[in-house]
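Shown next, in structure tokens, is the structure this report addresses.
Counting convention: from 1, in listed order, for ligands and their atoms alike.
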Amino acid sequence: MSGSAESLQQLKEGAKRSIDLAHDKLHALSRDIWSCPELAYQETRAHDRLVCFFTQEGGWEVEPHYKLDTAFRASWGPDSSQKGPVVRVGFLCEYDALPGIGHACGHNLIAEVGVAAAVGLRGALQDKALLPVQVVVLGTPAEEDGGGKIDLLQQGAFEGLHVVFMAHPSKEDALYLPCVAEHDVTVRYHGKASHASSYPWEGVNALDAAVLCYNNVSVLRQQMKPSWRVHGIIKHGGLKPNIIPAYTELEYYLRTPSRAELPLLKQKAEGCFRAAAVATGCQVQVEFAKNRFDNMLRIPTLEQLFQANGTALGMNFTVDEEVLANESGSTDFGNVTFEVPGIHPYFYIGSDALNHTEEYTVAAGDEKAQFYTLRIAKALALTALDLLMNPEQLTCVQMEFTQAKNKETEKERSMLAAFTPAAGVESS
Ligand SMILES: [Zn+2]
Ligand SMILES: [Zn+2]
């Protein structure tokens, strides 16, 4: 083993030791967040608990309410006033829960992983305080609803970071799962109320518009690319059978594998929404959410380094083609990958339960999840050390990031060129 390889190995041992030593504190942290589930943008207790953790640790510069009420930033190492280049490594924490079922996506464990990996990396570098490295933890709220990372990106919270890491609980270890672009849309129909039996002809039925809208989209589904997804619900369907509904509301999620394809799907869906209004005489409002979630860009070098570290720690990454090709959700981490190179692997937490179920909530709070949570935190910290101690790897990461972004821009350009205006209703 060469001298530098030997010292990298020592640093890695130091990172693992630091995480193991903090085991009880880390477990208590995620358990506290789990016990008090809070919805997107309302994660005040989780925010305070995480801020308190870093304040008590000492040595961290902590910025509570960083750009958003329930976001925070904690950093260790040389600040921006230091002369010469500083490599900034970011670890992201999520901590929002789901309505009704608590931490069914295990975001309490995501918070723990982010904190643990940062504690591990700091522990390894502690005696090398002169290394120009800054460890940054960003508390990013509202992943399940709204996209807090997108708000933070818009406010420059990721500027200056060279690489970002996070990990998401799942039912298996996976290096990568396809994360697709997504945009939420709310459709509102305004009609006119009337007695449904005495004067139905005086009414304009907004429920008919909602039903036609739902059916139009269902018909569209037959012509969609197999990789596209449109799924929706009727949120308001009227008040009483004997009142012609004057107002109805639907919410849809539109998804495509790449953000380049999303405008086309949005245009087709919007045609369905508007046609229902024309057919019923209702007024329609189509309102897309403020934030669009992007697909995730992949950085092969980061994945390879992480895979080697994870495998050495006993992680068992799935090779099931069906899982790797089809399991797709959306995350605001996708948007981050267009700004900073990063990875977002998935980890088994000791249960076969599926995310977003009550069984998963139980598993995310179970002590059994701790071993897997700290193991992936170690794998992330070790991957950061690989990059820091081998600057040529970091250069590779930057190159792959630029290539991935250019490829997406090219895709967007060609989609735009092929884009034709929506077919209108021709009048004779
Ligand atoms: Zn989720
Ligand atoms: Zn999640």
Side-chain angles (χ1 to χ4, degrees), residues 29-30 33-34 36-43 46-47 50 70-71 91-117 138-152 164-184 229 231 233 251-255 289 291-296 318 323 326-337 342-366 369 372-373 376-377 380:
L29 175 72
S30 76
I33 296 172
W34 181 86
C36 179
E38 297 164 302
L39 298 182
Y41 296 113
Q42 297 167 32
E43 312 93 329
H47 164 277
L50 284 152
T70 53
F91 295 100
L92 307 188
C93 297
E94 291 176 5
Y95 33 83
D96 59 327
L98 287 154
I101 46 174
H103 274 289
C105 210
H107 290 191
N108 60 309
L109 300 177
I110 300 182
E112 183 178 350
V113 169
V115 173
L138 275 182
T140 65
E143 192 279 334
E144 290 289 356
D145 194 14
K149 293 184 197 64
I150 307 168
D151 301 324
L152 288 169
V164 285
F165 296 99
M166 67 167 279
H168 198 297
S170 182
K171 69 176 194 320
E172 66 257 298
D173 290 333
L175 263 186
Y176 167 84
L177 294 175
C179 270
V180 299
E182 189 269 346
H183 211 165
D184 304 6
R229 296 284 182 275
H231 39 98
I233 55 167
E251 189 179 357
Y252 277 97
Y253 289 2
L254 313 181
R255 305 187 202 243
N291 289 333
R292 176 200 68 197
F293 285 45
D294 291 343
N295 50 301
M296 209 185 303
T318 183
V323 171
N326 294 321
E327 250 182 46
S328 55
S330 305
T331 164
D332 55 4
F333 188 82
N335 301 59
V336 175
T337 64
I343 45 168
H344 180 284
Y346 294 81
F347 64 105
Y348 174 71
I349 61 167
S351 160
D352 293 330
L354 297 173
N355 294 61
H356 290 210
T357 63
E358 282 172 13
E359 292 75 26
Y360 209 83
T361 307
V362 173
D366 197 315
Y372 304 102
T373 303
I376 195 162
L380 293 180

- Main-chain N/O of P141 paired to D96 side chain as donor or acceptor, under 3.5 Å: no
- Task: Report yes or no: do Y346 and N355 form a side-chain donor-acceptor pair below 3.5 Å?
- Result: no
- Considering only NZ, NE, NH1 and NH2 on the basic side and carboxylate oxygens on the acidic side, decide whether E182 and R229 come within less than 4.0 Å. no
- Item | Non-neighbouring partners of R292 that pass side-chain hydrogen bond (donor to acceptor under 3.5 Å, both in side chains), sequence neighbours left out | D294
- Query: Taking it one step at a time, do F347 and Y372 satisfy ring-ring contact (aromatic ring centres under 6.0 Å, His included)?
  - Reply: CA-CA 7 Å; F347 64 105; Y372 304 102; 8.4 Å; no
- Query: Do the non-hydrogen side-chain atoms of I376 and P345 ever get within less than 4.5 Å of each other?
  - Reply: yes
- Message: Restricting to N, O or S, what is the name of the atom of H356 that lies nearest the Zn ion (ligand 1)?
- Response: NE2
- Excluding waters, which protein N, O or S atoms are within less than 2.8 Å of the Zn ion (ligand 2)? C105 SG, H107 NE2, H168 NE2
